[in-house]
Participant: 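Here you go, one structure.
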Amino acid sequence: MRQQIAAANWKMNCTLQQAEELLNKLATVSDFNSVNRIVIVAVPAPYLLLAKQKLAHQTNMFVAAQNCFTKKSGAYTGEISAEMLQSMDINYVLIGHSERREYFNENNTMLAEKVNLALEYEVTPIFCCGESLSIREAGNQNEFVAQQLKDSLFQLSAAQIVKVVIAYEPIWAIGTGKTASSAQAQEMHQHIRKALEIQYGSNIADAVSVLYGGSVKGNNAVEIFSQPDVDGGLVGGASLVAEEFVAIMNALK
Ligand code: PEP
């Protein structure tokens with residue numbers, strides 16, 4: 001049974017005080033039904049240990065980093081290694097968010113290196129993929145996303161790919177208030193699962209959680225998450241408001 005996941009991506013938001021306040025609210029959530037459902041909170045790097053500490057007693061809440069580097073260690077000022085994350089017992093890392101691809105020129109080859117390193121250090125990659133508006137308008141979204149998966153994930157063995165979470169995030173829906181319709185989300189998630197099946201077989205394809213990201217809110221999460229191939233969401237803006245994010249958590253199947 002695939003895990004249903006509500007993942008928060010705080011991006012570069014929150015002062016330390018605001019982060020503490022938000023984490024305190026998540027730490028006091030007590031009515032979240034956790035059977036096969038988990039919550040992951042991707043906080044800015046300076047708050048990783050604070051988040052671990054605050055959420056320590058929440059057995060189904062995990063902390064994620066928003067990025068890690070393509071190299072193991074060395075003279076790469078400002079970067080964070082997968083090994084550092086492992087040493088802090090951080091269990092997840094976002095890889096290939098569209099903002100990293102756009103503003104930091106991360107390409108599919110670099111992202112394959114990051115995925116490999118994260119897995120080597122036992123940090124679960126949440127691999128983000130998704131097309132721009134122009135690609136969608138040209139009707140090439142399926143080929144585009146399939147290529148992202150092929151270039152950055154399909155070097156993995158079957159034993160490795162089941163340790164990856166995939167997040168489909170159409171770029172035109174991120175932070176725009178414009179959500180993909182539930183039918184559009186399901187269509188792409190089914191396409192992603194089919195690509196996994198062709199590469200690894202149906203048992204593996206059925207075991208990988210595929211999240212939807214792009215303007216998920218408390219009031220649209222139930223509909224999107226109800227789609228058979230949508231296993232939860234990666235949530236930006238709405239994850240900064242505790243009540244909204246809790247509503248999204250509770251919308252998981
Ligand atoms: C994201 O940052 O991954 C995201 C989906 O953002 P938003 O929910 O704000 O669209």
Side-chain angles (χ1 to χ4, degrees), residues 3-32 34 37-97 99-100 103-104 106 110-111 113-128 163-165 167 209 211 213 232-246 248-249 252:
Q3 258 185 335
Q4 303 298 304
I5 302 173
N9 175 15
W10 290 7
K11 314 193 188 197
M12 196 179 73
N13 290 301
C14 294
T15 60
L16 175 61
Q17 293 71 24
Q18 290 165 335
E20 266 192 301
E21 197 179 318
L22 198 42
L23 289 165
N24 283 340
K25 288 185 181 166
L26 294 179
T28 54
V29 171
S30 59
D31 56 352
F32 178 61
S34 67
R37 300 154 128 199
I38 63 165
V39 170
I40 300 171
V41 190
V43 301
Y47 310 145
L48 284 168
L49 285 182
L50 174 73
K52 280 246 15 138
Q53 201 182 66
K54 293 275 185 196
L55 301 179
H57 66 283
Q58 293 280 29
T59 51
N60 58 332
M61 289 192 189
F62 299 89
V63 177
Q66 297 178 8
N67 183 33
C68 67
F69 195 47
T70 53
K71 303 281 189 254
K72 286 193 175 185
S73 65
Y76 304 104
T77 303
E79 290 295 338
I80 300 168
S81 72
E83 187 179 26
M84 289 175 194
L85 298 179
Q86 183 191 43
S87 71
M88 293 158 77
D89 196 26
I90 298 297
N91 310 105
Y92 294 87
V93 60
L94 300 184
I95 292 192
H97 191 281
E99 289 148 18
R100 300 285 324 168
Y103 304 128
F104 302 94
E106 295 191 357
M110 291 165 70
L111 297 176
E113 291 168 14
K114 292 186 180 207
V115 166
N116 293 345
L117 272 180
L119 287 170
E120 184 178 334
Y121 288 100
E122 296 173 329
V123 183
T124 297
I126 302 175
F127 177 77
C128 305
K163 295 182 185 151
V164 173
V165 173
S209 297
L211 316 185
L234 177 56
V235 185
S239 73
L240 296 170
V241 181
E243 297 69 23
E244 274 281 315
F245 189 59
V246 170
I248 292 167
M249 285 159 49
L252 289 174

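Along the sequence shown, residues carry numbers from 1.
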Participant: Looking at every non-hydrogen atom in both residues, tell me the closest pair between Leu252 and Gly232 and how far apart they are.
Facilitator: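 For Leu252 versus Gly232, the nearest heavy atoms are CD2-CA, 3.6 Å.
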Participant: Which heavy atom of Ala118 sits nearest a heavy atom of Ile95, and at what distance?
Facilitator: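 Closest approach of Ala118 to Ile95: CB-CD1, 4.1 Å.
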Participant: Per the side-chain hydrogen bond (donor to acceptor under 3.5 Å, both in side chains) rule, what does the pair list look like for residues 68-80, sequence neighbours excluded?
Facilitator: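 Qualifying pairs: Lys72-Glu120.
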Participant: For Val165, does its backbone N or O pair with a side-chain atom of Gln3 as donor and acceptor, under 3.5 Å?
Facilitator: no
Participant: What is the distance from atom CD1 of Ile126 to atom CD1 of Ile40, rounded to the nearest 0.5 Å?
Facilitator: 4.0 Å
Participant: Do Asn9 and Val235 have side chains that get closer than 4.5 Å, going by heavy atoms?
Facilitator: no
Participant: Check this for me, if you would: do Glu106 and Lys114 make a salt bridge, where the nitrogen-to-carboxylate-oxygen distance has to be below 4.0 angstrom?
Facilitator: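 Salt bridge between Glu106 and Lys114, a charged N being under 4.0 Å from a carboxylate O: yes.
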Participant: What are the two closest non-hydrogen atoms of Ala64 and Leu48, and how far apart are they?
Facilitator: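 Closest pair (atom of Ala64, atom of Leu48, distance): O-CD2, 3.4 Å.
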Participant: Apply the test side chain to side chain contact (heavy atoms under 4.5 Å, CB included) to residues Val41 and Met61: give CA-CA distance (whole Å), side-chain angles for both, the deciding distance (0.1 Å), then the verdict.
Facilitator: CA-CA 8 Å; Val41 190; Met61 289 192 189; 5.6 Å; no
Participant: Hey, could you give me each pair passing ring-ring contact (aromatic ring centres under 6.0 Å, His included) that has a residue in residues 7-29? Not counting sequence neighbours.
Facilitator: none
Participant: Calculate, to the nearest 0.5 Å, the distance between atoms CD and CG belonging to Gln4 and Leu211 respectively.
Facilitator: 9.0 Å
Participant: Given side chains that start at C-beta, do those of Cys68 and Leu117 come closer than 4.5 Å, heavy atoms only?
Facilitator: no
Participant: For Thr124 and Val93, run side chain to side chain contact (heavy atoms under 4.5 Å, CB included): C-alpha distance rounded to whole Å, both residues' side-chain angles, the deciding distance at 0.1 Å, then the answer.
Facilitator: CA-CA 6 Å; Thr124 297; Val93 60; over 6 Å; no
Participant: How many angstroms lie between atom CD1 of Ile248 and atom CG of Leu234, to the nearest 0.5 angstrom?
Facilitator: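 The CG atom of Leu234 is 10.5 Å from CD1 of Ile248, to the nearest 0.5 Å.
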Participant: Would you find a donor on one side and an acceptor on the other, under 3.5 Å apart, between the side chain of Gln66 and the backbone of Leu94?
Facilitator: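 Answer holds: no.
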Participant: More than 12 heavy atoms of other residues, nucleotides or ligands under 6.0 Å from NZ of Lys11: yes or no?
Facilitator: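 For Lys11, atom NZ is crowded (more than 12 foreign heavy atoms under 6.0 Å).
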Participant: So how far is it from Glu244 CD to Met249 CE, rounded to the nearest 0.5 Å?
Facilitator: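 Result: 13.0 Å between the selected atoms.
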Participant: Donor-acceptor check, side chain of Lys25 to backbone of Glu243, threshold 3.5 angstrom: yes or no?
Facilitator: no
Participant: Can you see which heavy atom on Lys163 is nearest to which on Pro125, and at what distance?
Facilitator: O-CD, 3.9 Å
Participant: Taking it one step at a time, do Leu85 and Ile80 satisfy side chain to side chain contact (heavy atoms under 4.5 Å, CB included)?
Facilitator: CA-CA 8 Å; Leu85 298 179; Ile80 300 168; 3.9 Å; yes
Participant: Is any side-chain heavy atom of Phe245 less than 4.5 Å from a side-chain heavy atom of Ser239?
Facilitator: yes
Participant: Looking at CD1 of Ile38 and CD1 of Ile5, how far apart are the two atoms once the value is rounded to the nearest 0.5 Å?
Facilitator: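 With rounding to 0.5 Å, CD1 (Ile38) is 4.5 Å from CD1 (Ile5).
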Participant: Are any non-hydrogen side-chain atoms of Leu22 and Val241 less than 4.5 angstrom apart?
Facilitator: no
Participant: Checking side chain to side chain contact (heavy atoms under 4.5 Å, CB included) for the pair Leu26/Lys54: CA distance, chi angles, key distance, verdict?
Facilitator: CA-CA 9 Å; Leu26 294 179; Lys54 293 275 185 196; over 6 Å; no
Participant: Say you draw a straight line from CD of Glu20 to CG of Leu50; how long is it, rounded to the nearest 0.5 Å?
Facilitator: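 CG of Leu50 is found 5.5 Å from CD of Glu20.
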Participant: Sequence neighbours left out, what pairs pass ring-ring contact (aromatic ring centres under 6.0 Å, His included) with at least one residue falling in residues 43-65?
Facilitator: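 Found Phe62-Tyr92.
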Participant: Below 4.5 Å, heavy atoms only, C-beta onward: do Asp89 and Lys52 meet side chain to side chain?
Facilitator: yes
